[in-house]
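Below is one structure, written out as structure tokens, with a few remarks after it.
Each ligand, and each atom within it, is numbered from 1 in the order the structure gives. The figures here come from the full heavy-atom set of this structure, side chains too, leaving out hydrogens, waters and symmetry mates. When a residue number appears, it is its place in the shown sequence, counting from 1.
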Amino acid sequence: MSGFVFSEKPIAIASGEGVHLTDTNGTEYLDFGASYACTPVGHCHPEVVDAATSQLEELMYVQASYPHAARTALYERLSDAGPGDVDDVWLCNSGTEANEAALKFARHATGREKIVATTQGFHGRTMGALATTWKGKYKRGFEPLAGGVEFVEYGDTAAMLEAVDEETAAVILEPLQGEGGINPASTDYLRAVREATEEAGAAMVLDEIQTGLGRTGSMWAVERHGVVPDVLTTAKGLASGLPIGATLCRDWIAEDCGNHGSTFSGGPVVSAAAGATLDVIEREALADHAAEVGSYLREEVETRLGDDVREVRGEGLMVGIEVKRGSNRLLRDLALDHGILALPAGRTVLRLLPPLTVDRGHVDTVVDALAEVIA
Ligand SMILES: *Cc1c(COP(=O)(O)O)cnc(C)c1O
């Protein structure tokens with residue numbers, strides 16, 4: 001098994017229910033990462049399945065210039081959910097498209113070109129969003145990408161203040177980096193970015209595609225820092241795994257956002273699925289639950305494995321465990337020997353992103369397994 005590359009997983013998934021997935025041999029797995037934050041309310045939640053199925057039978061598509069009840073309801077829900085006055089909503093089909101729209105809107109509203117992004121940031125793989133993504137491995141062989149992007153060290157306030165000027169259209173960053181290794185930003189840093197962008201007349205774009213929808217213990221991670229951005233993007237779990245993205249903006253961005261569009265924007269089926277997903281997240285207070293179970297998870301890992309790992313990071317149910325060697329082998333052992341699916345974030349970080357519905361019992365199972373594979 002040497003040279004085993006865990007991206008080629010020998011597990012064919014056939015079905016999912018709640019926090020579990022079942023493969024074609026009937027083996028059940030606990031999903032602590034296989035759904036990449038795309039199933040906040042669990043796999044195949046009955047309310048989401050019902051909403052999507054009845055919509056599917058009634059109308060599969062109508063173009064977005066014709067009002068449709070499911071889309072209109074989703075606009076309202078997202079508008080209400082947006083932090084502060086970030087209440088104008090643009091719908092698309094993925095995270096990268098949500099960021100692509102954010103960058104286009106910011107350029108149009110400001111009439112400026114320059115975009116400031118951060119080291120280790122991940123914002124997607126289309127030519128614009130990819131240009132703001134840090135790691136070379138995602139970009140190699142695809143250049144030239146969209147121009148005008150300047151990178152600054154994530155978390156370095158002085159570097160940010162230096163970079164943001166009268167030519168800056170937008171600063172884009174994650175409030176807690178996912179792909180880059182589960183790296184949290186401090187409140188002081190986010191407030192400094194807010195002040196600098198406001199002063200320069202630039203847009204502060206927060207990518208909450210992985211952190212949003214309750215995962216880090218509040219609907220949006222940024223809420224806990226008392227910062228209101230100009231644009232906030234969400235995607236991943238918004239429609240429980242059906243393709244959707246949303247760009248939420250303040251009026252000054254939305255009023256002058258130019259000619260942008262997408263054929264599938266706010267399609268009836270995904271809109272219905274997203275509405276039902278938001279219903280469940282709110283009704284079941286999954287953000288609070290994520291905060292509670294997430295701190296239990298981090299505490300348990302610290303207590304049981306503190307000496308065997310380098311660091312435990314994260315907020316709510318977005319958790320990174322920095323291990324002392326490559327994480328591939330551990331991920332394989334967790335999956336094949338313990339029936340637990342997790343994912344990496346870089347070479348040495350084990351990332352846990354379970355459905356927000358996991359409980360302490362699931363956490364105990366995972367920590368027991370981690371103790372065996374890591375020790
Ligand atoms: C996944 C992700 C994206 C890209 O979303 P896609 O739907 O894969 O295009 C962008 N930003 C962050 C923070 C993500 O986690």
Side-chain angles (χ1 to χ4, degrees), residues 7 33-40 90-106 115-135 137-139 142 145-146 149 151 154-155 170-185 190 193 204-216 219-222 229 231-248 262 264-267 270 273-274 277 313-320 342-346 349 351-356:
S7 56
S35 51
Y36 263 90
C38 290
T39 59
W90 157 253
L91 295 172
C92 55
N93 316 288
S94 65
T96 197
E97 280 174 82
N99 286 334
E100 205 73 32
L103 300 174
K104 285 177 74 178
F105 294 169
I115 291 160
V116 178
T118 61
T119 55
Q120 304 303 331
F122 182 87
H123 302 293
R125 301 171 194 254
T126 50
M127 293 292 207
L130 183 57
T132 64
T133 288
W134 168 250
K135 280 185 191 155
K137 71 168 182 178
Y138 297 117
K139 302 195 260 196
F142 301 127
L145 307 170
V149 180
F151 285 95
Y154 186 71
V171 172
I172 183 167
L173 79 170
E174 297 151 88
L176 164 59
Q177 291 185 326
E179 199 67 28
I182 312 293
N183 312 313
L190 292 172
V193 177
M204 178 177 181
V205 178
L206 272 181
D207 178 343
E208 292 242 19
I209 290 166
Q210 198 164 138
T211 51
L213 303 169
R215 175 151 305 274
T216 65
M219 186 62 180
W220 312 111
V222 74
V231 185
L232 181 149
T233 55
T234 174
K236 289 217 156 79
L238 180 54
S240 289
L242 295 185
I244 190 169
T247 308
L248 278 52
S262 170
F264 292 126
S265 176
V270 284
T277 303
R313 298 191 288 269
E315 293 166 52
L317 286 168
M318 181 164 169
V319 175
L343 58 155
V349 178
R351 178 167 37 156
L352 304 176
L353 290 175
L356 307 184

Closest non-hydrogen protein atom to [atom], residue and atom name please, with distance?
atom: atom 1 (C) of ligand 1; result: Lys236 NZ, 1.5 Å
atom: atom 11 (N) of ligand 1; result: Asp207 OD2, 2.7 Å
atom: atom 9 (O) of ligand 1; result: Thr96 N, 2.8 Å
atom: atom 6 (P) of ligand 1; result: Gly95 N, 3.5 Å

Any N or O of Gly124 closer than 3.5 Å to N or O of ligand 1: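 No: no nitrogen or oxygen of Gly124 is under 3.5 Å from one in ligand 1.
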Shortest non-hydrogen contact from Phe122 toward Asp207: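 Looking at all heavy atoms of both residues, the closest pair is O-OD2, 3.4 Å.
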What are the atoms of ligand 1, with element, lying closer than 4.0 Å to any heavy atom of Glu174?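 So the atoms of ligand 1 that pass are 13 (C).
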Mark up the atoms of ligand 1 that fall under 4.0 Å of a heavy atom belonging to Gln210, in ascending order.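 It comes down to these atoms of ligand 1: 15 (O).
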With heavy atoms under 4.0 Å as the rule, classify the contact between Glu97 and ligand 1 as side chain, backbone, both or neither.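 Neither part.
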Select one of side chain, backbone, both or neither to describe which atoms of Tyr36 lie under 4.0 Å from any atom of ligand 1, heavy atoms only.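 Contact part for Tyr36 vs ligand 1: neither.
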Residues Glu208, Arg215: salt bridge by 4.0 Å N-O rule: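 No.
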So does Ile182 get a backbone contact from the side chain of Arg313, meaning a donor-acceptor N/O pair under 3.5 Å?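 Checking the backbone N and O of Ile182 against the side chain of Arg313, a donor-acceptor pair under 3.5 Å is found.
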Any luck finding a side-chain donor-acceptor pair between Thr216 and Thr211 under 3.5 Å?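 The answer is no; no qualifying pair exists.
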We want to know whether Ser262 and Asn93 form a side-chain donor-acceptor pair, criterion being a heavy-atom distance below 3.5 angstrom.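 Result is yes, a qualifying pair exists.
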Interatomic spacing from OH in Tyr154 to CD in Glu174 - rounded to 0.5 Å: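 Reported value, rounded in 0.5 Å steps: 6.5 Å.
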Option from Lys135, Arg125, Arg351 for which salt bridge (charged side-chain N to carboxylate O under 4.0 Å, His left out) with Glu179 holds: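 The salt bridge (charged side-chain N to carboxylate O under 4.0 Å, His left out) with Glu179 is passed solely by Arg351 among Lys135, Arg125, Arg351.
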Taking the non-hydrogen atoms of His123, is any one of them nearer than 4.0 angstrom to ligand 1?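 Distance cut 4.0 Å: His123 passes for ligand 1.
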